[in-house]
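Working notes, beginning with the structure itself.
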Amino acid sequence: MPAPDRPVVTRVAPSPTGSMHIGTARVALYNWLYARHTGGTYLLRIEDTDRQRSTEAAVDVILEGLAWLGLEPDAPPVFQFARADRHRAAVAELLAADSAYPCWMTVEELAAERDIARAEGRAIRSPWRDRAPPEGVNLPHVIRFKGPLEGETIVDDLVKGTVRFRNRDLDDLVLLRSDGAPTYNLAVVVDDHDMGITHVIRGDDHLNNTARQSLIYQALGWELPTFAHLPMIHGPDGAKLSKRHGAQAVGEFAEMGYLPEAMRNYLARLGWGHGDDELFTDAQAIAWFDVKDVVKAPARLDWNKLAHVNNHYLRQADDNRLADLVTASLKKAGTSLAENGRARLLAVIPHVKEGAKTIVELGELCRFALAERPVTLDAKSAALLTEETRARLSRLAEHLAMEPDWSPPALTASLRSFAAADGVGLGKFGAPLRAVLSGGLPAPDLAGALTTLGRDESLGRIKDALSPAE
RNA sequence: GCGCCCUUCGUCUAUCGGUUAGGACACCAGAUUUUCAAUCUGGGAAGACGGGUUCGACUCCCGUAGGGCGUACCA
């Protein structure tokens with residue numbers, strides 16, 4: 001346990017695989033929240049010891065993902081691979097202290113031992129643990145950790161509580177591969193120590209590793225950090241979250257039109273709670289968050305709730321920002337804006353954003369306003385234009401043209417007064433009016449649609465529909 | 001096989017031995033109505049199972065079942 005007066009240092013340590021799992025995003029968020037809550041520091045380490053998969057592009061995906069989420073680290077990232085010499089030096093220390101040993105087992109021998117060990121229900125053991133080196137000196141070998149065979153290792157986890165492991169169930173893990181490359185379990189310990197990490201907050205898929213890592217800390221004579229293992233995020237069906245559940249990577253959520261602040265709120269609430277609070281600001285989350293309140297059980301991703309949270313933030317978002325996002329989203333879908341597109345977007349967004357769950361959906365709701373005259377009507381809309389409704393729309397156009405105040409309340413009143421004057425209910429001309437204004441695309445209420453389009457465009461669209469193209 | 005973790009409404013959660021087990025999303029019904037949505041009102045919905053401990057258990061202990069993770073010269 002770190003000294004209580006030492007300032008908190010947390011870290012998120014993803015491996016660059018080409019995408020950033022949403023679970024990683026939540027781990028980052030919790031580390032960030034805890035660091036902010038305690039006035040500590042939040043760091044990033046790229047675990048790039050797997051040279052095959054670790055590309056610059058894969059690293060960028062992580063950096064961009066964190067930036068998008070607003071969870072950038074407080075210092076430049078540490079690259080694990082670059083610290084390989086330091087890791088090897090730590091192994092030299094372990095070797096000198098008789099806490100590690102070279103192992104010359106061949107892959108075949110290892111496979112055979114694995115089979116026997118499994119059959120006997122025990123951990124694998126290397127014969128080289130207590131044996132002198134072989135004759136031929138330069139044979140390839142790995143360096144293994146020499147852990148205790150008796151007693152138990154206790155992990156005091158902030159989330160899971162006290163977890164006990166019998167040391168005899170723990171095998172002597174490989175520290176250095178036969179090519180001299182450090183392994184993950186060694187590297188994390190050395191890096192977390194060197195980076196001064198006080199709280200290791202990570203996915204609970206690492207809980208089993210923790211016992212063996214604790215042993216390494218002890219062998220090196222280092223103070224243990226506090227551990228907190230977070231449950232994983234599953235798909236709606238309870239299985240491990242994967243592509244087939246709709247999305248898995250942070251970038252996919254961004255592309256689908258979720259707002260980063262919505263993701264933060266949703267992810268924070270998934271596996272952690274503060275009474276009945278559902279929607280909260282970053283400041284509130286920081287004030288309330290504590291790792292010890294994290295739930296123990298894995299949580300399932302719920303698209304409905306995410307949509308609800310996203311809608312909440314969409315309503316609050318600045319319209320200019322939304323216009324930017326919608327523009328980008330439409331562009332991705334192959335629609336580029338006309339010259340007055342920006343102005344039209346800004347006019348329509350306030351009227352439709354309450355009904356949108358995502359940016360993509362918001363874009364769909366904006367489409368009717370972006371259409372160029374003459375607006376093409378879909379079949380259903382065209383069918384509404386009978387002789388009778390045309391005549392009524394014509395009278396309505398005259399009526400609206402005289403309306404001095406082109407605002408929602410005035411237009412609502414105007415539509416009512418027209419209905420009265422024409423001796424019909426709103427239902428008689430509401431649908432056709434909507435049809436000629438929107439062409440059949442989704443649109444807000446009539447007054448909202450008229451306001452969005454403006455006087456000229458609205459009257460123009462009505463007029464277009466009255467003189468059908470021959 | 002062995003080891004470790006987990007288990008409250010469909011989902012996310014509250015409860016920290018004594019509650020009519022609360023909230024949110026979703027769902028259902030109704031209201032509103034110019035489409036869809038939004039909005040408003042109301043409703044149904046839970047402690048996996050079996051043993052203990054206790055005056056009292058969702059809460060503590062044990063077992064069972066189910067799920068997850070690990071068991072790599074991946075991370």
Side-chain angles (χ1 to χ4, degrees), chain A residues 13-17 47-50 52-54 80 103 105 107 110 114 117-124 140-144 155 157 159-161 163-166 168-171 173-185 187-188 203-211 229 231-232 234 236 238-240 266 269-279 295-309 311 315 352-357 361 365 380-381 412 415 419 425-435 438 440-449:
Chain A
S15 54
T17 59
E47 312 241 301
D48 55 351
T49 51
D50 182 340
Q52 316 296 86
R53 288 190 295 182
S54 305
Q80 191 159 63
C103 167
M105 282 177 97
V107 282
L110 197 59
R114 211 189 320 276
R118 173 174 278 250
E120 294 179 0
R122 60 166 176 82
I124 64 166
H141 63 275
V142 300
I143 304 295
R144 285 184 184 276
V155 174
D157 194 276
V159 176
K160 306 284 186 179
V163 185
R164 297 164 181 278
F165 297 87
R166 281 184 300 271
R168 68 173 143 90
D169 293 328
L170 272 20
D171 62 9
L173 74 223
V174 172
L175 264 16
L176 247 37
R177 301 186 178 92
S178 51
D179 64 355
T183 59
Y184 164 78
N185 279 298
V188 240
D204 69 6
D205 48 339
H206 288 291
L207 185 56
N208 288 289
N209 288 329
T210 308
H229 286 91
M232 322 228 64
H234 289 168
K240 194 169 176 173
Y266 178 73
R269 192 67 187 70
L270 190 65
W272 170 78
H274 181 267
D276 288 341
D277 297 301
E278 297 288 344
L279 270 2
V295 168
K296 294 174 166 204
R300 303 183 185 198
L301 182 73
D302 182 354
W303 291 101
N304 283 320
K305 190 138 183 181
L306 210 210
H308 177 260
V309 173
N311 173 261
R315 287 164 183 245
V352 297
K353 67 177 176 180
E354 298 203 340
K357 308 277 191 216
E361 227 176 276
L365 296 177
K380 212 172 148 194
S381 301
T412 301
L415 289 172
L426 219 49
K428 273 289 183 192
F429 62 90
L433 175 57
R434 164 178 306 285
S438 72
L441 292 168
D445 65 283
L446 290 175

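Protein chains get the first letters and strands the later ones, always in sequence-line order, with residue 1 at the start of each.
Each of B/rA38, B/rG23, B/rC12 was ranked by its minimum atom distance to the side chain of A/E354; first place goes to B/rA38. If you check B/rG23, B/rU13, B/rC6 against the side chain of A/P298, the one that comes closest is B/rC6. In the set B/rC73, B/rA75, B/rU13, B/rC73 carries the atom at the smallest distance from any side-chain atom of A/L110. With B/rA24, B/rC4, B/rU13 as the candidates, the nucleotide lying closest to the side chain of A/R166 is B/rC4. In this structure, of B/rA72, B/rC25, B/rC5, it is B/rC5 that holds the atom nearest to the side chain of A/V163. Across B/rC69, B/rC25, B/rU71, the shortest atom-to-atom separation from the side chain of A/D171 is found for B/rU71. Comparing atom distances between the A/T183 side chain and each of B/rA75, B/rU13, B/rC6 picks out B/rA75 as nearest. Distances from the side chain of A/N304 to the nucleotides B/rC6, B/rA26, B/rU34 place B/rA26 closest. Here the side chain of A/L446 is nearest to one of B/rU34, B/rA24, B/rC4, namely B/rU34. Of the candidate nucleotides B/rC69, B/rA75, B/rC12, B/rA75 has the atom lying nearest to any side-chain atom of A/T49.
Across all strands, A/S438 comes closer than 4.0 Å to no nucleic acid atom at all (heavy-atom distances). Residue contacts for A/G203: at a heavy-atom cut-off of 4.0 Å it reaches no nucleic acid atom on any strand shown.
With both ends at atom P, the span from B/rC58 to B/rC2 equals 33 Å, rounded to whole Å. Straight-line distance between the P atoms of B/rG10 and B/rG52: roughly 28 Å, to the nearest whole Å.
A/T183 contributes a side-chain N or O that, together with a main-chain N or O of A/L175, makes up a donor-acceptor pair within less than 3.5 Å. A donor-acceptor contact shorter than 3.5 Å links the side chain of A/N311 to the backbone of A/E354.
Heavy atoms only, all atoms of each residue included: A/N208 and A/F165 are closest at OD1-CE2, 3.9 Å.
Proximity of A/S178 to the phosphate of B/rC73: no side-chain N or O atom is located under 4.0 Å from OP1 or OP2. One finds no side-chain N or O of A/R118 lying less than 4.0 angstrom from the OP1 or OP2 phosphate oxygen of B/rA72. The phosphate of B/rA38 has OP1 or OP2 within less than 4.0 Å of a side-chain N or O from A/K357. Here A/K296 reaches the OP1 or OP2 of B/rC6: one of its side-chain N or O atoms lies under 4.0 Å away.
With hydrogens and angles ignored, a donor-acceptor pair closer than 3.5 Å exists between the side chain of A/D276 and the base of B/rG22. For a distance-only test at 3.5 Å, the side chain of A/D169 fails to qualify as a donor-acceptor partner of the base of B/rC2. Residue-to-nucleotide contacts include a donor-acceptor pair under 3.5 Å from the side chain of A/R434 to the base of B/rU34. For B/rA75, the base has a donor-acceptor partner in the side chain of A/N209 [N/O atoms by modelled type, under 3.5 angstrom].
Pair assignment for B/rC55 gives B/rG18, based on Watson-Crick or G-U wobble hydrogen-bonding distances that are each under 3.5 Å. Across every strand in view, B/rG66 sits in a pair with B/rC6 that passes the Watson-Crick or G-U test at under 3.5 angstrom.
With a 4.5 Å cut-off on side-chain heavy atoms, A/H206 and A/H229 count as touching.
A/K160 is linked by a side-chain hydrogen bond (donor to acceptor under 3.5 Å, both in side chains) to A/D204, counting only residues two or more places apart in sequence or in another chain.
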